[in-house]
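To start, the structure under review is shown below, and the notes come after it.
Whatever order the structure lists ligands and atoms in, that order sets their numbers, starting from 1. Computed from a predicted structure; not experimentally measured. Both backbone and side-chain heavy atoms feed into the values below; hydrogens, waters and symmetry mates do not. FYI, the numbering just counts along the sequence from 1.
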Amino acid sequence: MTFVVTENCIKCKYTDCVEVCPVDCFYEGPNFLVIHPDECIDCALCEPECPAEAIFSEDELPEGQEEFIALNAELAEVWPNISEKQDPPADAEEWDGKPGKRQHLER
Ligand code: SF4
Ligand code: F3S
């Protein structure tokens, strides 16, 4: 079992999540974060910290977010680790909750 970062993180990237993770299993891309499924210990601490409500347990994913299980696993292998909060993008609030952000994921 693992937690998964889903679509609404894209272009919001608030990074509050990384501060509470006891095993530092977040990895950072240009405009999205992912969780390494083999490192996550399922503690659930990060889920309520995300202002964009983008983090879910893999067995409670909202409909349409299933592809993010594989995307988290894939990108956690290639992106660098992140364990300190950063400033979000200046337009993060504008993007929060916008539909169809999947197409904006940068690798
Ligand atoms: Fe880290 Fe716990 Fe969130 Fe997994 S559930 S990513 S271990 S804070
Ligand atoms: Fe993304 Fe939420 Fe973390 S927007 S960077 S999952 S706090």
Side-chain angles (χ1 to χ4, degrees):
M1 191 81 91
T2 180
F3 278 67
V4 177
V5 184
T6 63
E7 185 173 18
N8 201 37
C9 175
I10 296 168
K11 292 177 86 63
C12 284
K13 201 185 178 191
Y14 286 115
T15 70
D16 300 68
C17 52
V18 305
E19 291 236 301
V20 298
C21 182
V23 293
D24 292 346
C25 64
F26 282 89
Y27 293 80
E28 181 190 17
N31 64 4
F32 184 57
L33 256 57
V34 293
I35 292 169
H36 198 306
D38 298 336
E39 296 174 3
C40 174
I41 58 170
D42 234 356
C43 70
L45 286 175
C46 56
E47 184 175 7
E49 294 301 317
C50 175
E53 297 182 4
I55 303 176
F56 296 89
S57 172
E58 68 177 329
D59 61 355
E60 291 177 353
L61 279 182
E63 210 180 321
Q65 299 295 299
E66 296 82 3
E67 73 165 309
F68 283 87
I69 296 177
L71 265 176
N72 276 242
E74 177 195 342
L75 297 171
E77 292 289 346
V78 292
W79 282 350
N81 190 260
I82 172 172
S83 58
E84 287 184 15
K85 182 173 165 48
Q86 303 170 357
D87 291 335
D91 58 354
E93 270 184 50
E94 283 168 45
W95 284 96
D96 193 350
K98 276 202 178 164
K101 286 203 279 181
R102 170 66 183 86
Q103 61 181 314
H104 298 293
L105 176 65
E106 293 174 30
R107 293 175 175 245

For atom 3 (Fe) of ligand 1, the option (of Cys50, Cys17, Cys46) bearing the nearest heavy atom:
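The option holding the nearest heavy atom is Cys46.
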Closest to atom 7 (S) of ligand 1 (judged by heavy-atom distance), picking from Ile41, Thr2, Leu33
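Of the listed residues, Ile41 has the closest heavy atom.
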List every atom of ligand 2 that sits less than 4.0 Å from any heavy atom of [X], numbering the atoms from 1 in the order shown and giving each element.
{"X": "Thr15", "result": "3 (Fe), 5 (S), 7 (S)"}
{"X": "Cys17", "result": "3 (Fe), 5 (S), 6 (S), 7 (S)"}
{"X": "Asp16", "result": "7 (S)"}
{"X": "Cys50", "result": "2 (Fe), 4 (S), 6 (S), 7 (S)"}

Distance in Å, Asn72 CG paired with Thr2 OG1, rounded so as to fall on 0.5 Å steps:
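Taking CG in Asn72 and OG1 in Thr2, the distance rounds to 7.0 Å.
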In the protein, what heavy atom is nearest to [atom], and what distance, to one decimal place, separates them?
{"atom": "atom 1 (Fe) of ligand 1", "value": "Cys21 SG, 2.4 Å"}
{"atom": "atom 5 (S) of ligand 1", "value": "Ala44 N, 3.3 Å"}
{"atom": "atom 4 (S) of ligand 2", "value": "Tyr14 N, 3.5 Å"}
{"atom": "atom 2 (Fe) of ligand 1", "value": "Cys43 SG, 2.2 Å"}

Within Cys9, is some N, O or S atom less than 2.8 Å away from atom 1 (Fe) of ligand 2?
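Cys9 does place an N, O or S atom closer than 2.8 Å to atom 1 (Fe) of ligand 2.
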Does [atom1] in [X] sit with more than 12 non-hydrogen atoms of other residues, nucleotides or ligands closer than 6.0 Å?
{"X": "Glu63", "atom1": "CD", "value": "no"}
{"X": "Asp59", "atom1": "CG", "value": "yes"}
{"X": "Glu53", "atom1": "CD", "value": "no"}

Kindly say whether Ala52 contributes a backbone atom to a donor-acceptor pair with the side chain of Asn8 at under 3.5 angstrom?
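The answer is yes, because a donor-acceptor pair under 3.5 Å joins these two groups.
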Lys11 side chain to Asp91 backbone, donor-acceptor under 3.5 Å:
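No, the answer is negative, given that no donor and acceptor are paired below the 3.5 Å cut-off.
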Derivation of the side chain to side chain contact (heavy atoms under 4.5 Å, CB included) call for Leu71 and Val34
CA-CA 8 Å; Leu71 265 176; Val34 293; 5.7 Å; no
Can Gln65 and Phe56 be said to form a side chain to side chain contact (heavy atoms under 4.5 Å, CB included), step by step?
CA-CA 10 Å; Gln65 299 295 299; Phe56 296 89; 5.9 Å; no
In terms of atom number and element, which parts of ligand 1 are under 4.0 angstrom from non-hydrogen atoms of [X]?
{"X": "Ile35", "result": "6 (S)"}
{"X": "Val23", "result": "7 (S)"}
{"X": "Phe26", "result": "6 (S)"}
{"X": "Cys25", "result": "1 (Fe), 6 (S)"}

When hydrophobic residues are tied together by side-chain contacts of less than 4.5 Å, even through go-betweens, does Leu75 share a cluster with Tyr14?
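Different clusters: Leu75 never reaches Tyr14 through Ile, Leu, Val, Met, Phe, Trp or Tyr contacts under 4.5 Å.
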Heavy atoms, side chains only, cut-off 4.5 Å: are Asp16 and Lys85 in contact?
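Asp16 reaches Lys85 side chain to side chain.
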Determine whether Phe26 and Cys46 make a side-chain contact, defined as any pair of heavy atoms from C-beta on separated by less than 4.5 Å.
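Sidechains of Cys46 and Phe26: in contact.
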Is Cys40 close enough that one of its N/O/S atoms sits under 2.8 Å from atom 4 (Fe) of ligand 1?
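So Cys40 counts as coordinating atom 4 (Fe) of ligand 1, yes.
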Of the backbone atoms (N, CA, C, O) and the side-chain heavy atoms from C-beta on, which set of Ile55 has a member under 4.0 Å from an atom of ligand 2: side chain, backbone, both, or neither?
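Side chain only.
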